[in-house]
Structure formats: C-alpha cells, structure tokens
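In this chain, residues are counted from 1 in sequence order.
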Amino acid sequence: MNPRRTNKKTAQLIPSIVSVLLLAAIAFLLGAARTQAQCTQILSGLRQPIGSGLTDQGNLLIAESGTGEAHTGRLSIVDPDGNLRTLLDGLPSAPADVGDPSGPTGFVMRGRILYLLVGTGDVGIMGPLPGTTLENPNGPSSPIFSSILAIHISPFVERNTVGFTLAPDDEQALADGQVVTLSNGGPDKITIQVVVDFPNFIPFPLQDVPDNIQVSNPYGLASIGNMLYATDGGRNHVWQVNLRTRDFSPLVAFADIPNPLFPDIGGPFLQAVPTGIAVASGQLLVTLLRGAPFPTGTSTVEQIDPRTGSDTEFISNLTTAIDIRPFRGRSPSGYLVLEASSEGPFFSGPGTVLRFDDPADPPVVVADCLTPVPSSMTFNNRNKTLYVTQTDGELIAISLQ
C-alpha cells in the first residue's frame with residue numbers, strides 16, 4: 001500500500017472520526033471537571049496545624065505546632081458544626097533549624113487515650129552550610145521535644161471542657177517521669193505523661209562541618225496492636241514503640257536517592273523525609289516527601305511490613321506526598337494521597353488530593369484547590385467529607401459524595 005495514497009472511503013470517515021473523538025474528549029474533560037471537588041474553608045487562624053483525626057464521638061481533633069513562640073502549641077476540638085474549642089494549650093513550640101514553627105505534630109487515638117507526637121522544636125539551629133544543623137548552644141526551650149505524650153481524655157472532657165493549659169513546670173514534671181493532672185474542677189480533667197522520649201539528636205559529622213547533627217523530628221503516628229509507629233522526618237526512619245515495655249527502636253530506615261536536577265538545582269542526593277503514615281491490611285503505608293528541591297516524580301509511598309521492617313515501593317512518581325489514607329470509594333481498596341504541591345521544584349503548584357483506585361494505575365485528581373502546603377487529611381465517612389489542614393492556618397472541607 002502506498003502510504004501517500006488514502007482510500008476515498010477512509011478519507012470520508014476521517015472527519016466523522018475526528019468529530020467523535022473531539023466530542024468524547026470534551027465529554028471526558030467535562031466529566032473530569034465535575035469530579036473535581038471544591039475546597040470550602042471551615043476555619044482559619046489555626047496555629048500551624050500538622051495533625052488531625054476523628055474521635056469516636058465524631059469530633060475532629062487538630063494538633064497545632066504553634067507560632068514558634070514558646071508554649072503556643074495546641075490541641076483543638078472541632079465539632080461537626082465547625083465550632084472550634086481549645087482542648088490543651090501551652091504545648092511546646094519553637095523555631096526548628098529551618099525556621100518553621102515546630103511543636104505538636106501527628107497523633108493517634110486508642111480508646112480514650114490520645115498519643116501525641118511533639119516535634120524537634122529548637123533542639124538544633126541552622127549550620128554554616130546549606131543542609132547542616134548544629135546543636136542549639138542555649139539548649140532546647142522545652143524538655144519534651146521529640147517525644148510521645150499519652151493524654152487521657154474522657155467523653156465528658158471531649159463534650160464539655162473549657163480547655164486546659166500546660167505550664168512550663170508541667171513540662172519539666174513530664175520530662176522527669178511524673179503524671180501531670182490538669183483540672184477545671186469536677187470531671188473536667190485530663191492526665192498526661194511521657195510515653196517515649198526519643199533522642200533529641202545524634203552526631204552526624206561531615207567533612208566540612210564536624211559538629212553537624214541529625215535531629216529527631218517525629219511527624220506521623222499510627223498504631224497496630226500494642227505497638228506505635230512514628231515517622232521521623234529528621235532521621236529518615238520509622239520508630240517502633242512497644243506500649244507495654246515502652247522500648248523503642250528504628251523499624252526501617254530510608255536511604256537517600258540521587259537528585260535528578262543536580263548539578264543545576266540542589267545537591268547530589270535527596271533525603272527520604274518520611275511524613276504521613278497509615279495502616280492498611282496490617283501493613284504500614286508511609287509517604288516519603290523527599291528533600292529539597294523536591295523534583296517532580298521522586299516522591300513515593302512505601303509499604304512497610306511491621307513484623308520484619310521490609311520496605312516495598314507502593315506508589316511511585318509523586319511530587320510531594322505528605323499524607324496517605326485508605327479510602328473505600330469506587331474501589332474497595334483505594335487510597336487518597338495528599339501532596340503538598342503538584343509541581344516541583346520548591347512547591348511551585350497548588351496542594352492536591354489524589355485518588356488511587358489501584359496503586360499501579362494513574363491517579364484521579366480529586367481536588368487541586370489547596371494552597372501549598374497542606375499538612376494532613378482526615379476522612380469522615382459519616383458525611384463523606386475529607387478534612388485537610390493547611391500550614392497557613394486553615395481547615396478545608398472537601399466533599400467526596
């Protein structure tokens with residue numbers, strides 16, 4: 001067949017085929033537009049919210065890292081009508097080595113006990129070279145940075161409390177191993193204790209910066225049985241914590257990978273930076289944000305076997321994955337992935353929510369109406385609403401009905 005000649009009948013079909021394809025494309029785009037959920041602001045003015053989760057009474061709890069000023073970390077309650085109340089104020093907060101406020105981060109509830117992570121705070125300060133950290137010569141502003149707190153919250157407190165405030169002396173008492181009770185009288189009281197105090201940092205000498213350190217920066221928390229699992233975005237591993245013995249150790253460490261933008265942008269390697277963590281079918285799912293300059297396609301979701309620590313890539317080709325949640329939508333085993341920005345490098349696009357009906361398939365963009373940088377998400381199955389916290393202080397609702 002001569003490729004330069006076209007059968008007349010075939011030529012007559014081309015316009016109609018093009019029309020059909022064009023109409024199909026338009027229909028697809030319109031359908032895609034209809035599936036794009038809209039972002040509705042529920043609250044603003046939160047103090048660098050990082051973690052969120054639902055209680056068994058249907059309230060949303062939010063962990064706020066604070067403003068960077070001492071004792072501005074906070075736990076807040078948002079009821080189903082969107083009303084905000086303080087649960088616990090006065091928690092540690094301080095500028096981290098990169099300058100952002102650091103304080104309360106992720107949490108998980110087991111019964112009426114809330115296990116809360118406290119981040120790195122001002123344990124370290126920025127070093128003399130990019131990407132280096134030195135020990136804070138003045139010492140940290142709180143003795144309970146890089147720890148896990150256990151906070152007992154009764155149903156009465158959740159429904160009625162006027163809020164509690166942790167004093168600096170209370171923080172020292174917690175660091176000394178004491179149980180702290182805060183009370184407003186009657187049943188309006190909570191108890192707090194330190195479950196685990198991770199090392200604030202380890203020495204990590206470099207040729208040009210021999211005093212360089214690697215800080216512990218716990219970020220996300222999950223539980224299976226009597227074990228807690230905490231991601232550490234400073235030391236790039238997952239801690240495992242035995243609640244019976246309070247022993248802890250690294251479960252899995254994540255290696256650096258080559259930076260595809262080097263030498264034009266950034267250094268030769270990217271750190272893992274584990275952030276969000278969730279449990280699905282007895283396995284841990286961990287989002288790896290990857291380090292600056294956050295090249296497109298380098299972020300992943302890893303699947304970790306909690307019994308062995310074996311690590312398998314679960315979802316690939318992401319940009320800035322910050323959180324993951326199992327989601328039963330069109331697929332009985334789907335997943336929602338929260339990205340801090342849809343474009344690299346350096347957070348140049350909006351935050352997005354992606355839905356994966358199968359980890360190996362391309363995602364569906366559920367929403368791309370978030371600002372950089374969203375920090376956590378919680379799905380309320382009762383009203384089919386996804387709640388997203390943003391570090392600019394907003395709480396966003398996205399309907400997934």
Side-chain angles (χ1 to χ4, degrees), residues 40-66 71-93 103-118 144 148-167 170-171 173-174 179-195 220-223 228 243 325 375-390 393-401:
T40 302
Q41 183 191 99
I42 301 297
L43 292 170
S44 62
L46 297 170
R47 305 173 188 168
Q48 189 90 0
I50 297 296
S52 61
L54 284 174
T55 72
D56 56 8
Q57 296 189 30
N59 294 308
L60 184 69
L61 297 184
I62 299 177
E64 302 165 69
S65 278
H71 317 301
T72 58
R74 184 171 64 182
L75 275 171
S76 294
I77 303 173
V78 182
D79 68 23
D81 295 324
N83 300 309
L84 176 69
R85 289 184 295 132
T86 295
L87 173 59
L88 179 60
D89 208 340
L91 287 162
S93 180
T105 55
F107 63 86
V108 65
M109 285 202 72
R110 291 167 49 92
R112 299 308 308 174
I113 299 179
L114 185 149
Y115 293 95
L116 173 69
L117 291 173
V118 182
I144 57 172
I148 300 179
L149 305 180
I151 307 172
H152 184 271
I153 305 168
S154 70
F156 178 91
V157 165
E158 184 177 337
R159 291 191 302 267
N160 303 291
T161 187
V162 296
F164 307 92
T165 299
L166 193 70
D170 295 327
E171 292 184 21
L174 290 171
V179 177
V180 170
T181 299
L182 303 179
S183 176
N184 295 313
D188 191 9
K189 64 181 179 180
I190 61 173
T191 60
I192 311 170
Q193 63 184 128
V194 172
V195 176
L221 194 63
S223 70
L228 295 178
L243 285 174
R325 288 290 176 267
S375 51
S376 74
M377 60 180 172
T378 297
F379 181 64
N380 188 335
N381 193 53
R382 295 178 184 176
N383 59 9
K384 307 301 181 185
T385 298
L386 183 71
Y387 294 98
V388 178
T389 58
Q390 302 193 136
E394 293 183 339
L395 173 65
I396 301 298
I398 302 172
S399 177
L400 298 185
Q401 295 189 18

When you look at Ile148 and Val194, which way does the side-chain contact (heavy atoms from CB on, under 4.5 Å) test go after all the steps? CA-CA 6 Å; Ile148 300 179; Val194 172; over 6 Å; no
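- Between the side chains of Glu394 and Gln41, at least one donor N or O lies within less than 3.5 Å of an accepting N or O.
- Side-chain contact between Ile151 and Tyr115 is absent, with no heavy-atom pair separated by less than 4.5 Å.
- In this structure, the separation between CD1 on Ile77 and CD on Gln57 is 9.0 Å, given to the nearest 0.5 Å.
- Among Val157, Asp170, Thr165, the single residue meeting the side-chain contact (heavy atoms from CB on, under 4.5 Å) criterion with Leu182 is Asp170.
- Smallest separation of non-hydrogen atoms from Pro187 and Ser154: O-OG, 4.2 Å.
- Proximity of a side-chain donor or acceptor of Gln401 to a complementary backbone N or O of Asn383 within less than 3.5 Å is detected.
- Minimum interatomic distance between Leu228 and Ser223 (heavy atoms only, all atoms of both residues): CD2-CB, 3.6 Å.
- When every heavy atom of Arg325 is checked against every heavy atom of Met377, the shortest pair comes out as NE-O, 3.6 Å.
- Put simply, CG on Leu75 and OG1 on Thr86 are 9.5 Å apart, with the number rounded to the nearest 0.5 Å.
- Here the side chains of Glu158 and Asn59 are in contact, with some heavy-atom distance below 4.5 Å.
- No hydrogens or angles considered: nothing links the side chains of Ser375 and Gln390 as a donor-acceptor pair under 3.5 Å.
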Go through it in stages, so that I can follow the logic: the residues are Leu116 and Thr105, the test is side-chain contact (heavy atoms from CB on, under 4.5 Å), and I'd like the CA-CA distance, side-chain angles, deciding distance and then a yes or no. CA-CA 7 Å; Leu116 173 69; Thr105 55; over 6 Å; no
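- Side-chain contact between Val118 and Leu149 is present, with heavy atoms from C-beta onward closer than 4.5 Å.
- In this structure, Phe107 and Leu117 have side chains that are not in contact, with every pair of non-hydrogen atoms separated by 4.5 Å or more.
- Put simply, NE2 on His152 and CD1 on Ile113 are 6.0 Å apart, with the number rounded to the nearest 0.5 Å.
- Contact annotation: the side chain of Ile144 approaches that of Pro92 to within less than 4.5 Å [non-hydrogen atoms, C-beta and beyond].
- In this structure, CZ on Arg85 lies 7.0 Å from OG1 on Thr161, to the nearest 0.5 angstrom.
- Between Thr389 and Ser52, the side chains place no donor N or O within less than 3.5 Å of an acceptor N or O (distance only, hydrogens not considered).
- To the nearest 0.5 Å, the span separating CE on Met109 from CG on Leu221 amounts to 12.5 Å.
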Output, in order, the C-alpha distance, side-chain angles, deciding distance and verdict of side-chain contact (heavy atoms from CB on, under 4.5 Å) for Ile62 and Val78. CA-CA 8 Å; Ile62 299 177; Val78 182; 3.9 Å; yes
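- One distance of note links CG of Leu400 with CZ of Phe379; it measures 5.5 Å at 0.5 Å rounding.
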Tell me, with the steps shown, if Val388 and Leu395 meet side-chain contact (heavy atoms from CB on, under 4.5 Å). CA-CA 6 Å; Val388 178; Leu395 173 65; over 6 Å; no
With salt bridge (charged side-chain N to carboxylate O under 4.0 Å, His left out) as the test, would you mind laying out the steps for Asp56 and Arg112 before giving the verdict? CA-CA 9 Å; Asp56 56 8; Arg112 299 308 308 174; 2.9 Å; yes
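- Inter-residue side-chain proximity for Ile42 and Ile396 is flagged as unmet; no heavy-atom pair is nearer than 4.5 Å.
- Side-chain contact check for Asp188 versus Ser183: every heavy-atom pair is 4.5 Å or farther apart.
- No hydrogens or angles considered: nothing links the side chains of Asn380 and Thr385 as a donor-acceptor pair under 3.5 Å.
- Here the side chains of Arg47 and Asp89 are in contact, with some heavy-atom distance below 4.5 Å.
- Formation of a donor-acceptor pair under 3.5 Å by the Ser65 side chain with backbone atoms of Pro104 is found in this model.
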